[in-house]
Participant: 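If you scroll down you'll find the structure; I have some questions about it.
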There are 2 protein chains.
Amino acid sequence: MKETLLCPRLSKAMDLLGKRWTALIVYQLIDGAKRFNEIESSLPISGRLLSERLKELEKEGIVVRTVFSEVPVRVEYNLTDKGYALKDVVGGIESWSKEWL
Amino acid sequence: MKETLLCPRLSKAMDLLGKRWTALIVYQLIDGAKRFNEIESSLPISGRLLSERLKELEKEGIVVRTVFSEVPVRVEYNLTDKGYALKDVVGGIESWSKEWL
DNA sequence: TATATTAAGTTACATAAAGTAAGCAAACAT
DNA sequence: ATGTTTGCTTACTTTATGTAACTTAATATA
């Protein structure tokens, strides 16, 4: 791939947010924890992709996963501070969409 | 595909911005017009994709294309008001990346 | 005259990512 | 023994992206 002088941190941020569903998943978690199935039913995403994205987000420290050993098992996803810091970004996208789309 | 109650405007905004390179192209144009080759050399994107993305952005009214009939031809790309309105969004991503990545 | 140059793409082809649907594990209830 | 529920995973198909070569138009150069 080409090499450019693009800021590596901006580049990485764009890699994350410019990946399908990522920003919408963060958006779903802004108001608090949600379970796997809740996110899945709120978005036109498949379980396969949702699972993949949540793993990426967890690995990046944007989301935390909590398992409750109930029957059947319950798993909740929350934003970390790092993830919650994206509130203005996703909020900004929402505002822009309301004004221009 | 699944049907959800997700706001169609937010959904469309995410479709655009959550597509690889789109936000970075807007970011490149924030400070003013750029030529095709300038954008291409500022980003690790290929001409094929850049061409495709610029067409989409033009179609959405986010970018305007201006042809100067010089030899060889010169083509400039600018943000429209709609595109420039994304300044805070891409700026927000940049700030977040500086603080958290 | 033939060849080269330059910007701004386009085309053809290979690989990677996303969509779809079916299957699985655990721990019960029937 | 069979069914139910949640949270995934697997196998397979389709779409998106990456790579590199090619095109067009209008000159300039050998």
Participant: For Lys87(A), does the NZ atom have more than 12 heavy-atom neighbours from other residues, nucleotides or ligands under 6.0 Å away?
Facilitator: no
Participant: Figure out the CD/P separation between Glu40(A) and dT20(C), and round it to whole Å.
Facilitator: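 Distance check: Glu40(A) CD to dT20(C) P gives 12 Å.
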Participant: Starting at atom CZ of Arg74(A), determine the distance to atom P of dC8(D), rounded to an integer number of angstrom.
Facilitator: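 Atom-to-atom, Arg74(A) to dC8(D), this comes out as 13 Å.
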Participant: Can you tell me how far C1' of dG7(D) sits from CZ of Arg35(A), to the nearest Å?
Facilitator: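 Distance, rounded to whole Å: 9 Å.
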Participant: Give a yes/no on whether any side-chain N or O of Lys55(A) is located under 4.0 angstrom from OP1 or OP2 of dT9(D).
Facilitator: yes
Participant: For the atom pair OG1 (Thr22(B)) and CG (Leu16(B)), what is the distance rounded to the nearest 0.5 Å?
Facilitator: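 The OG1 atom of Thr22(B) sits 6.5 Å away from the CG atom of Leu16(B).
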Participant: Under 4.0 Å between a side-chain N/O of Arg20(A) and OP1 or OP2 of dG19(C), yes or no?
Facilitator: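 For dG19(C), OP1 or OP2 has a side-chain N or O of Arg20(A) closer than 4.0 Å.
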Participant: OP1 or OP2 of dG7(D) sitting under 4.0 Å from any side-chain N/O of Ser51(A)?
Facilitator: no
Participant: Taking all non-hydrogen atoms of both residues, which atom of Ala13(B) and which atom of Leu101(A) are closest, and how far apart?
Facilitator: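 Closest pair (atom of Ala13(B), atom of Leu101(A), distance): N-CD1, 3.5 Å.
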Participant: Starting at the 5' end of DNA chain D and moving along, which residue's nearest nucleotide shows up first, Pro72(A) or Gly47(A)?
Facilitator: Pro72(A)
Participant: Roughly how many Å is it from CG in Leu49(B) to P in dT10(C), rounded to a whole number?
Facilitator: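 Taking CG of Leu49(B) and P of dT10(C), I get 13 Å after rounding.
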Participant: When the distance from OH of Tyr77(A) to P of dT6(D) is rounded to whole Å, what number comes out?
Facilitator: 14 Å
Participant: Measure the distance from CD on Glu70(B) to C1' on dA8(C) and round it to the nearest whole Å.
Facilitator: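 Atom CD in Glu70(B) sits about 13 Å away from atom C1' in dA8(C).
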Participant: Report yes if a side-chain nitrogen or oxygen of Trp21(B) is closer than 4.0 Å to either non-bridging phosphate oxygen (OP1 or OP2) of dA16(D); otherwise report no.
Facilitator: no
Participant: Taking atom types as they are modelled, would you say the side chain of Arg48(A) forms a donor-acceptor pair with the base of dG19(C) within the 3.5 Å cutoff?
Facilitator: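 Under the 3.5 Å cut-off, the side chain and the base do form a donor-acceptor pair.
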Participant: Could you tell me the separation between the CD1 atom of Ile25(A) and the NZ atom of Lys19(A), rounded to the nearest 0.5 Å?
Facilitator: 11.0 Å
Participant: Do Glu58(A) and Lys55(A) sit within salt-bridge range, that is, some charged N less than 4.0 Å from a carboxylate O?
Facilitator: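 Judged by the 4.0 Å cut-off on N to carboxylate O distance, Glu58(A) and Lys55(A) do not form a salt bridge.
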Participant: Does a side-chain N or O from Arg53(A) land closer than 4.0 Å to OP1 or OP2 of dA18(C), or not?
Facilitator: yes
Participant: Quick one: on DNA chain C, does Asn37(B) or Glu52(B) contact a more 5' nucleotide (nearest heavy atom)?
Facilitator: Asn37(B)
Participant: Would you mind reading off the distance between Arg65(A) atom CZ and dT6(D) atom C1', rounded to a whole angstrom?
Facilitator: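 The answer, rounded to whole Å, is 11 Å.
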Participant: To the nearest Å, give me how far apart NZ (Lys19(A)) and P (dA16(D)) are.
Facilitator: 17 Å
Participant: At under 4.0 Å, does any side-chain N or O of Ser46(A) touch on OP1 or OP2 of dA21(C)?
Facilitator: no
